Amino acid sequence: MWRRWGSGSGLGGVFTAVAAAGLLTACVPALSGTDDEPPQTKAECAAVKPATGGRRLRGMWIATVTGMDWPAGAKSAAAQQTRYRRLLDTAKAMRLNAVFVQVRPTADAFYASPYEPWSQWITGRQGRDPGYDVLGFMLKEAHARGLEFHTWFNPYRVSRQKKLKKLATSNPARRHPDWVRKYGDGLWYDPGLPQVRDLVSNVVLDVVRKYDIDGVHFDDYFYPYPEGGAFPDQATYKKYGKGFASKAGWRRNNVNTLIQRVSDEVHKAKPWVRFGISPFGVWRNRSTDPAGSATRALQSYDDIYADSRLWVKKGWVDYILPQLYWPIGDSRADYRTLTAWWSRQVRGTGVQLLIGHGAYRVGEPGPWRRAAELSRQVAISDKSPEVSGNVFFSARDVLSNRRGFAAKIVADHYTRPALAPVAAGRPNAKPPAHVKTTTDGKAVTIRWQGPADTLYAVYRADGKKAACAPVDPRALITTVRAGGISDPTVKPGASYTYYVTALDRANHQSTPARGSTITVSRG
């Protein structure tokens, strides 16, 4: 990811825009008991079709390298957890539905790993136990807010400095210095080594098996970006490069081999876990390749050996999330041009297209001075039937709401919550039971029965409606992993009908449970 630091105008603008009317809360106990609804109720409501339409992934990256977004200087566990909850509360208030959290920024771990040491970005020293399961905490807090949690791994970056001895003695790079190459200002694993592919795959699979995550995510760092001079892998090429016409082709094959392997192994371990990549936004320029985009920029295919177009065509990824960090009308790489190009690449493949936006750029000279630039970009992506959502880099910038850009995105596009897109897999979502509503005149409490680890969608229709009826995606008020919520956005004397559906791990939605109508008391 590329970014810069910038001053912020504070969180207030976001909350003012989206939460002035009150926030829905999930701290409501589920209904007790396990009795199912009467058979006639089941049969009556089973004929209702699940809601369709209105699906968008809305996310933000939470970067941890250098402590960028988290822990951002927080040293104690309590302070770190408070900072993280604040980031998630901002995401929920903006009506986002996913976070992409960097859990392996530099060949280290945000969890107890049998392969790599604890990350230095948590405690200040690599290998030092922070005293709590960081990833477990992060995942639990995200799911409690109805947010998808995608674990973000950097496959090859070892360190942002060049001295091996500064790494923990337990670091594989210390134990296998022959796997490591010095390049630019840091250390990198050599992607051409089978041992490196084994390590990366083992690290990813360890997390997939141990944690109830929603996705595995790689960013744009494959072979390092050019920094002058050649990446020092001549000996590796001599040993493993037989049969390849060029070193460039061999390097691309090394990356492709890892991508295909991780994809296969993740889906074999847990078919519902999605695997996606956020590559540099330009695959190749049209001047180089007729299949490329009408751009004049660095080419991921040639410069970092990332054949992102092939990953889509082969179906090795569930989603592709190109980093389109240029403004609309940029002479080198126009946002509109690249959105259209990526839309064409995914068409007919079954791979979902998400767009990565450079929130860190807001406030820079030119088009970025306008708070509306990112809102205009989201509007363009909304017009493409191939685009399934938008993700913003990064959380610190979303939190700052610099120049009011985040509040504007909410006002223009995120006035209502949205369910994330459906992933592959057979639907198996079953509706919750016994939806009940009560009111104290200030809020309505909605409770239901169902598994605690299931994501539920809550809809509210104005007035008294049929108990068994389709739900309108525009009537969605929240998603939550809990047995109930409190809705303080009601008006005394008004009547509402609430419907609740359940979602499976692939985001297929159940039919709505029998709705519950209530009239809010006055005073």
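Remember, it's a predicted structure, so these values are computed and weren't measured experimentally. The figures that follow rest on heavy atoms only: side chains count, while hydrogens, waters and symmetry mates do not.
A 4.5 Å side-chain heavy-atom check between V255 and D307 finds every atom pair outside the cut-off. A heavy-atom distance below 4.5 Å is found between the side chains of V99 and L88. Side-chain atoms of M60 and L87, non-hydrogen and from C-beta on, do get closer than 4.5 Å to each other. Inter-residue side-chain proximity for L399 and R86 is flagged as met; some heavy-atom pair is nearer than 4.5 Å.
Note that CG of D412 and OG of S375 are 3.5 Å apart. Values are rounded to the nearest 0.5 Å. The line from OH of Y360 to CG of D69 is 13.0 Å long, rounded to the nearest 0.5 Å. We find the OH-CZ distance between Y111 and R104 to be 7.0 Å, quoted to the nearest 0.5 Å. Taken to the nearest 0.5 Å, the CH2 atom of W70 stands 8.0 Å off from the OG1 atom of T64. Remark: K92 NZ to T479 OG1 distance equals 3.5 Å, nearest 0.5 Å. Remark: T106 OG1 to R160 CZ distance equals 8.5 Å, nearest 0.5 Å.
Side chains of T151 and H217: a donor-acceptor N/O pair is absent below 3.5 angstrom, by distance only. Under 3.5 Å, the side chains of T288 and Q299 contain a donor-acceptor pair of N or O atoms. D318 and Q352 share no side-chain donor-acceptor pair at under 3.5 Å. A donor-acceptor contact closer than 3.5 angstrom is absent between the side chains of N97 and Y414. A donor-acceptor contact under 3.5 angstrom links the side chains of Y132 and Q80, judged on distance only.
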CA sep, side-chain torsions, deciding dist, call: V208, V216, side-chain contact (heavy atoms from CB on, under 4.5 Å): CA-CA 8 Å; V208 171; V216 168; 3.6 Å; yes

Take D397 and R361 through the test salt bridge (Lys or Arg N to Asp or Glu O under 4.0 Å) and record every step on the way to the result. CA-CA 9 Å; D397 303 286; R361 300 202 64 186; over 6 Å; no

Show your working on side-chain hydrogen bond (donor to acceptor under 3.5 Å, both in side chains) between H143 and D214 and close with a plain yes or no. CA-CA 10 Å; H143 278 177; D214 299 293; 2.7 Å; yes

Show your working on salt bridge (Lys or Arg N to Asp or Glu O under 4.0 Å) between D440 and K442 and close with a plain yes or no. CA-CA 6 Å; D440 61 1; K442 298 179 181 178; over 6 Å; no

From CA spacing to verdict: side-chain contact (heavy atoms from CB on, under 4.5 Å), N154, V65: CA-CA 10 Å; N154 292 86; V65 64; over 6 Å; no

Go through it in stages, so that I can follow the logic: the residues are V204 and F218, the test is side-chain contact (heavy atoms from CB on, under 4.5 Å), and I'd like the CA-CA distance, side-chain angles, deciding distance and then a yes or no. CA-CA 10 Å; V204 171; F218 286 176; 4.2 Å; yes

Test side-chain contact (heavy atoms from CB on, under 4.5 Å) on E141 and L147 and set out the steps. CA-CA 9 Å; E141 292 291 327; L147 298 168; over 6 Å; no

Set out, in order, the CA-CA distance, both residues' side-chain angles and the distance that settles side-chain hydrogen bond (donor to acceptor under 3.5 Å, both in side chains) for S343 and S384, then state yes or no. CA-CA 7 Å; S343 295; S384 171; 2.9 Å; yes

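Under the 6.0 Å distance and 45° angle rule, R309 counts as a cation-pi partner of W283. Figure legend: cation-pi geometry between R460 and Y496, with NZ or CZ positioned under 6.0 Å from the six-membered ring centre and within 45° of its axis.
Under the 4.0 Å criterion applied to side-chain N and carboxylate O atoms, R481 and D453 are not assigned as salt-bridge partners. Checked for salt-bridge contact, E148 and R274 meet the test: a charged N lies under 4.0 Å from a carboxylate O.
In terms of modelled atom types and a separation under 3.5 Å, the side chain of R55 and the main chain of N507 share a donor-acceptor contact. In this structure a side-chain-to-backbone donor-acceptor pair under 3.5 Å is present from S300 to V282. For T439 (side chain) and A443 (main-chain N/O), a donor-acceptor pair under 3.5 Å exists by modelled atom type. Of the possible donor and acceptor atoms, one in the side chain of R402 sits under 3.5 Å from a partner among the backbone N and O of V362. With T478 contributing its side chain and V458 its backbone, the two residues share no donor-acceptor pair below 3.5 Å. Checked by atom type and distance alone, the side chain of E373 never pairs as donor or acceptor with a backbone atom of R369 at under 3.5 Å. Side-chain atoms of N401 come within 3.5 Å of backbone atoms of A406 as a donor-acceptor pair (strictly under, hydrogens ignored). At least one donor-acceptor pair under 3.5 Å links the side chain of D330 to the backbone N or O of A333. When atom types are taken as modelled, the side chain of R58 and the backbone of R95 share a donor-acceptor pair closer than 3.5 angstrom. Side-chain atoms of R284 never come within 3.5 Å of backbone atoms of S293 as a donor-acceptor pair (strictly under, hydrogens ignored).
Below 30°, between 30° and 60°, or above 60°: for Y221 and Y225 the angle between ring planes is above 60°, a perpendicular geometry.
Centroid-to-centroid, the aromatic rings of Y335 and H357 come within less than 6.0 Å. Residues W311 and F222 place their aromatic rings such that the two centres sit under 6.0 Å apart. In this structure, Y156 has its ring center no closer than 6.0 Å to that of W188. For Y319 and F275, the ring centers sit 6.0 Å or farther from each other.
Heavy atoms of other residues, nucleotides or ligands lying less than 6.0 angstrom from NZ of K313 number more than 12. Heavy atoms from other residues, nucleotides or ligands lying under 6.0 Å from CZ of R85 number more than 12. No more than 12 heavy atoms of other residues, nucleotides or ligands sit less than 6.0 Å from atom CZ of R332.
Looking at every heavy atom in both residues, V351 comes nearest to V346 through O-CB, 3.5 Å. Contact detail for G281 and P322: the closest heavy-atom pair is CA-CB, 4.3 Å. Taking each heavy atom of A372 and K408 in turn, the nearest pair found is CB-CE, 3.4 Å. In terms of heavy-atom proximity, P431 sits nearest to A502 at CA-CB, 4.5 Å. T337 and A294 get closest at one heavy-atom pair: CG2-O, 4.0 Å. Nearest heavy-atom pair across L374 and A359 is CD1-CA, 3.6 Å.
With respect to V444, the side-chain contact (heavy atoms from CB on, under 4.5 Å) criterion is satisfied by exactly one of T489, T438, V490: V490. For the ring pair (Phe, Tyr, Trp, His ring centres under 6.0 Å) criterion with F280, the lone passing option out of Y305, Y223, W326 is W326. Screening Y84, W61, F110, W152 for a side-chain contact (heavy atoms from CB on, under 4.5 Å) with V101, the sole residue that qualifies is Y84. Tested against Y498, the residues T437, T517, D487 include a single side chain to side chain donor-acceptor pair (under 3.5 Å) partner, D487.
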